[in-house]
Each structure stands twice: as C-alpha cells, then as structure tokens.
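Here the structure comes first, spelled out in structure tokens, and everything after it is commentary.
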Amino acid sequence: MSRKQVDHDYNLRSMSNLMGERWKKVNDGGERSLIKAPSSASISSQGASAGASTAGASAPASSSTTTTTTTGDLERAARKQFQQDVTPGFVYVLAVFSALGGFLFGYDTGVISGAMLLLKRELDLSALWQEVLISSTVAAAALSALLGGFLNGLFGRRVCILLASFFFTVGGIVLSTAPGKEAFLTGRLIVGVGLGIASMTVPVYIAEASPPQLRGQLVTVNTLFITGGQFTASLVDGAFSYLQHDGWRYMLGLSVLPAVLQFVGFLFLPESPRWLIQRGLTQKARRVLSQIRGNQNIDEEYDSIKNSIEEEEKDSGGDGPVIWRMLTYPPTRRALLVGCGLQMFQQLSGINTVMYYSATILQMSGVRDDRLAIWLAGLTTLTNFLFTLLGVWLVERVGRRKLTLGSIIGTCLSLSLLAIGFLMSAQHSPPVTFHPLDPAMANSTCSKYQLCEPCMLDPGCGFCYRENGSALLTSSCVPVNKASTEQAAWGRCSNSSLMKDQTYWAYNYCPTSYSWLVLLGLVLYLAAFAPGMGPMPWTINSEIYPLWARSTGNACAAGVNWTFNILVSLTFLHLAQFFTYYGAFFLYSSLALLGFIFIYGCLPETKGRRLEEIEALFENQLCSCGASDSDEGRQVEYIRVKGSNYHLSDNDASDVD
Ligand SMILES: O[C@H]1[C@H](O)[C@@H](O)[C@H](O)[C@@H](O)[C@H]1O
C-alpha cells in the first residue's frame, strides 16, 4: 500500500457519475463483471475490507444485479462522458499554444540542414564552421534546459514559455539578417537557449494543466508538433532551395511567425495552477483551475493538490538544493533515473542519425537527383509526423508502458534490418575498375581502394562511376573536392557538366541492389519509433516527479536528451568509419535492446493517475517498477470516493487505472 492514502480516482468518479450509482468491483476469481455495491451507508458503516468481502459474498456473480459491461466499455464511456461534462476546450487552446514551442523545436533543428547547403556557399564556410553552426544550437539547448529548471521553479511555467518565445523571435531575426558567420553563430546560440527552455517547460505546463484522462494525449501533442515542425522545415527547405541567393534567410526567418504567435498567446494564457498553489497564490490558483476545468466543480481537485503539496513538502528530503534532495530521497532518485534513462535511450536509438541519413538512403535506392532527394527526405519527416499521430491516439488507450516497450522493441528490430541492409550492400560492394596512371593521382590514398565500400567510408574519397541500366561500366575512387563534397577533386566527376552520360558521383554511399532492404528498414524504423520512443520520454518525464522536483527533474532529463543528441550526431560519421555503416546500426540496435531491458524493469504505468498519485509508484521499489503493470493490478487498493471506500478487485485494478 502506498504511503499516501489515495483519496480520489478520476476514472471511478466518472464511472460512478456515468452509471448513476455506486459500483464496486469484487474479487470474483478474475471474472470481468461489475457488481452493484451496497448503499453508501452500508459501506461506510463497515471496515473497507470487511465491506468488500461482505459485498462479494452477498452479491455473487450470477446475481441479478450483475452487469456484463466490461471495464473497457466503462473506460470508453467514462472518457466520452468526461468530454461532455468538462468541455475542456480551453485546455486544448492552452495545449496548442504551448506546443508551438515543440513546433519551433522541430523547425529550428530541422531547417538547418537545407539552409546549410546554401549558406556554406554564400558565407564560404569551412567544414569546421558548418559543424560549429549546426551543433552550437544543440549545445546551447543542453545547457539552457538545465538553467530552465531553476527559472521554472522561480518564475513559473508561463514566464519561462514567454522567455523561450522571446529567444526564438530574437534568434530568428538575428539569423535571417546575419551579415556574416559570427552573427549567424550568435543567432544559433540564442535559438538554442529558447529551445532548451521550451523543451523542458512545455511538457510540464501541459501536464500540470490537463485533467488526468487527457494528460497523456495533450503532452504527446507537443511531440506531434515537434515532428510537425520537422516536416514543415523539410518543405520550406525544399521550396527555398530554388532561391540560390538569400534562400536561407527566408528559411530561418520564417520561424519568427510561430514564435511571435506563441508570445502574444501567452500574454493571455494563465500560469499553471499547481505552481500557483505551491507559491501560496491560492485565490489565483482557484481562478485558473475553474477557467481550465470549464463548468466542473474544482473544490475536490484544488484540495487534493493542496494537500499533496503540503505532504510532499514534508517528505521531500529536508533542506538543500532540489537536485540534492531529489538524489537523497529514494522515490525521486528512482524517478530521475527512469526519466533520464528514457531520454538517453531515445537518442541512443539513433533517431536523428536515421532522419539525417535518410537522404543518403534514398540516394542509395537510386534517387540521384539532389533536389528530388531533398523532397523525398520530406517523406521521412512526414512519416515520423504521421506515426507520432498514432502515438497521440494510442497513449491513453494502451498506456505509456506498453506503448514504450512495443515501440523500442520494434525500433531494435528495424535497426537490425537497416544494419542487415547495409551489410548486404557492403558484401556486394562494386569494385573499383579504373586506377589512374598519373603518379600524382595514383599516389593518393583513394586510388588504393579496390572496392567502393572502403572508398566511401573514407571521408576524403568518393566513388565516381558510370553505369548502363544497372550494369557498372567503369568506376574509380577519387579524392573529394575540399570545398564541396558534391564533386570530386579531379576527373569526370569534378564538374557537373562532365557528369553526363550516366556518370555519377557517390560521396557517402555505394550503388547497390539491396537498397530496398535499407528503405524498408527506414520505414519500419519510423513506424516503430515515432508513436512511442519519440513522444513517451517527454510525456513520462512531465508526470513522474512530485511538484517540488518537477522542474528540476524535467530540466535534467531534457539536458540528457540534448547531450545525447549531440553525442550521437557528432560521433556517427566516425563510428561509420571505424565500424562501417552496418556496424553502427547494429550498435544502435543493441543499445535499443538495452533500453528495452531498462524500460521493462523500471517504468511503471502512469496512465490515468493524478500527478499527485504518481510519486507513490516509485516508492519501495528497487528499480523493479516494471513489475507494477501486473503486480499493481493484483494490489488491493482502497480508493475513497466522496466518503465511501471502493475496493478494486485483485485482477482488474490495472484496467480501471
Ligand atoms: O521526441 C523527439 C522527436 O522524436 C524528434 O523527431 C527527434 O528529432 C527529437 O530528438 C526527439 O527528442
């Protein structure tokens, strides 16, 4: 039994309202039936467990009061009833305006790849500068996410979202008007600060404002907006790539629009009621809660939040900085481990590498026109977006734990398929048929390679070939042009006008007939990753910490996400060089398997619970919360609803949860 007496459960309340009677589940040997409970007077006059057994005995499953309604039906009906009762239109508005932060997260991280193609020519950027400009935003996001935890606690969620949209706006203006690379770097850093703050604040704000039944869906909408931002960025990249001069200014400048919209919107949106209660601003908190909950009575929710906060404050591990208190108090230490672990495994599953690499995968499949490859890469971001939508639909139906576990196992398998595709391509790598005689050329490292595979894995070389249909006519391994990887340093691939006649320059891929396998792996990967591993780390982090630790916990987890994001993207090419592509993808697949074991052992189900109840899931467990899905179902819980005790039966408790 948890430390805190669980005093309220939304599902049961909705159900009892819905059915117009009090319902009580009895342990009838697992049979899924609901039996009408005795009157509240008879229940309250008995001890809770005595009441349960008496009712069980007096109302056998075959009794005339038995209904065949399943808990699934009830859940669905309760959800429908809730939607009618509460009219939570305002919660949707609030979630959408907050999720514009997610949109900017996706847009600003996605748009840079297309912008860089134009930018590197116009600003004459070296490879090092390109790398610095791309990774500076992510590095700034990692640091500012940590800072965001502190700001959130001090100034509240609303001010932090306003601050983030202010940074996005200023950053967008600086980027689109930058006269040179130094100014551009400044703009990228400013945007990074906005990203870090938004990425940790938005999920917390949405979770704190949402009713339990909608929380998972609404927080997941934020990730839907992230992937929507990435998709929009790929469309904008495609459209403005035709504008050779200053195209990048429009690509980056467009981000100012959603940023300003969010800023203006948040001038009118309220602060999180939970943060207000914590700060003792009780009147304001009540006002906000009534505004968010529509026509629902908020007294019960308000009281229970307030009581939990007071209780949490007592239990929160004494004095000292929040992170220290979190680490020394076992439930929050476990929650932090789970939250950061989820974010780490999300990035170690290679999502950003796969997305980044999709254009090359498409080139391997025979799409050789650069522009077409850019547009088709948009299909990858669209697939990511559409499958995140599936996640929004599934999260409240199957729950966080099952969704995450199913997703990571699918991710692991599809990464193996990708790796097998690369392995087959490597094993059937086309040979280098032409070796130059000119000593200056013959002495280059590139001309020593006998096969395409080692040639393309060397960042200094590329494979230049001519083919007829699928037959390779001649091929050579030549140094890459240092100024642009789109051309060779010499020979027929050094000039686009020479590259007619079915002559192609393959810089980081080899022509292969196994590309379909890689393409299948890519699609299956996105279908598996996007509904679960994409959104769930954000959603789960927004709900597993008690209020006093929530902003710090989310700050740490978002910091871990950004740190591993940069680590994985910066090491990918080196990894591929040392272990080949298939080695790199097998490695990601093994890491995803490790992630599965971690999640299986550590992640409890949080679906349908009020934020104040979730802390109890991390008590008395040695990272064995995994058992909670079934054990918790077997646990006997007493849930007090308006003075009456409800006894959840042995087998069905998890269903009602
Ligand atoms: O949840 C998001 C999402 O899955 C994005 O597609 C990815 O680029 C981010 O790194 C991740 O945090």
Side-chain angles (χ1 to χ4, degrees), residues 99 101-113 134-135 137-139 141-142 145 192 195-196 198-203 206 216 219-234 237 339-359 377-392 394-395 400 403-404 407-408 410-411 414-415 522-523 525-542 554-570 572 588 591-592 595:
F103 181 87
L104 285 157
F105 169 161
Y107 187 85
D108 279 316
T109 49
V111 82
I112 190 67
S113 54
I134 291 179
S135 27
T137 308
V138 184
L195 270 179
S199 66
M200 65 121 322
T201 312
V202 170
I206 301 180
V219 182
T220 308
V221 163
N222 184 49
T223 313
L224 184 71
F225 272 55
I226 299 180
T227 53
Q230 287 171 331
F231 173 54
T232 311
S234 59
D237 276 357
C340 293
L342 277 171
Q343 292 287 21
M344 179 181 83
F345 282 113
Q346 180 199 67
Q347 291 301 316
L348 289 180
S349 310
I351 174 67
N352 291 307
T353 305
V354 174
M355 297 256 286
Y356 166 79
Y357 204 63
S358 66
L379 275 185
T380 315
T381 52
L382 178 64
T383 315
N384 194 17
F385 172 74
L386 291 178
F387 279 100
T388 312
L389 199 62
L390 179 68
V392 174
L394 284 176
V395 63
R400 287 63 159 154
L403 185 57
T404 314
S407 165
I408 198 160
T411 300
S414 49
L415 279 167
L522 174 74
V523 173
Y525 175 89
L526 291 170
F529 180 92
M533 276 311 280
M536 285 309 107
W538 298 106
T539 305
I540 292 166
N541 266 288
S542 72
N554 275 276
C556 293
V560 166
N561 180 289
W562 290 111
T563 308
F564 277 87
N565 182 332
I566 200 165
L567 213 81
V568 172
S569 21
L570 284 185
F572 175 69
Y588 293 147
L591 290 170

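Computed from a predicted structure; not experimentally measured. Order of listing sets the numbers, starting from 1, for every ligand and every atom in it.
Judged by distance alone, with hydrogens and angles left aside, the side-chain atoms of S234 form a donor-acceptor pair with the main-chain N or O of F231 at under 3.5 Å.
Contacts between M533 and ligand 1, counted as non-hydrogen atom pairs separated by less than 4.0 Å, are absent for every part of the residue.
Nearest protein neighbour of atom 6 (O) of ligand 1, counting heavy atoms only, is Q230 OE1, 2.9 Å. Residue, atom and distance of the protein heavy atom nearest to atom 9 (C) of ligand 1 are Q347 NE2, 4.0 Å.
With Q347 as the fixed residue, the side chain to side chain contact (heavy atoms under 4.5 Å, CB included) test singles out one of N561, L567, T353: N561.
In the vicinity of N384, heavy-atom distances shorter than 4.0 Å reach the ligand 1 atoms 6 (O). When each atom of ligand 1 is checked for a heavy atom of W538 under 4.0 Å away, the hits are 1 (O), 2 (C), 12 (O). Residue F529 has at least one heavy-atom neighbour below 4.0 Å for each of these atoms of ligand 1: 4 (O). For ligand 1, the atoms closer than 4.0 angstrom to any heavy atom of G534 are 1 (O), 4 (O). Residue-ligand proximity, N352 to ligand 1, at heavy-atom distances under 4.0 Å covers atoms 7 (C), 8 (O), 10 (O). Taking a cut-off of under 4.0 Å to the non-hydrogen atoms of Q346, the atoms of ligand 1 that pass are 1 (O), 2 (C), 11 (C), 12 (O). Close approach of ligand 1 to T223 is summarised as follows: ligand atoms under 4.0 Å from at least one heavy atom of the residue are 1 (O).
What you find for N384 and T227 is that their closest heavy atoms are ND2-CG2, 3.5 Å.
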Intermediate values then yes/no, side-chain hydrogen bond (donor to acceptor under 3.5 Å, both in side chains), T539 and T220: CA-CA 6 Å; T539 305; T220 308; 3.2 Å; yes
Candidate pair T411 and S349, rule side-chain hydrogen bond (donor to acceptor under 3.5 Å, both in side chains), full reasoning: CA-CA 7 Å; T411 300; S349 310; 5.7 Å; no
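Between the CD1 atom of I566 and the CG atom of N352 there is a distance of 11.5 Å, given to the nearest 0.5 Å.
Ring-plane geometry between F105 and W562 is classed as tilted, the angle between the planes lying from 30 to 60 degrees on a 0 to 90 degree scale.
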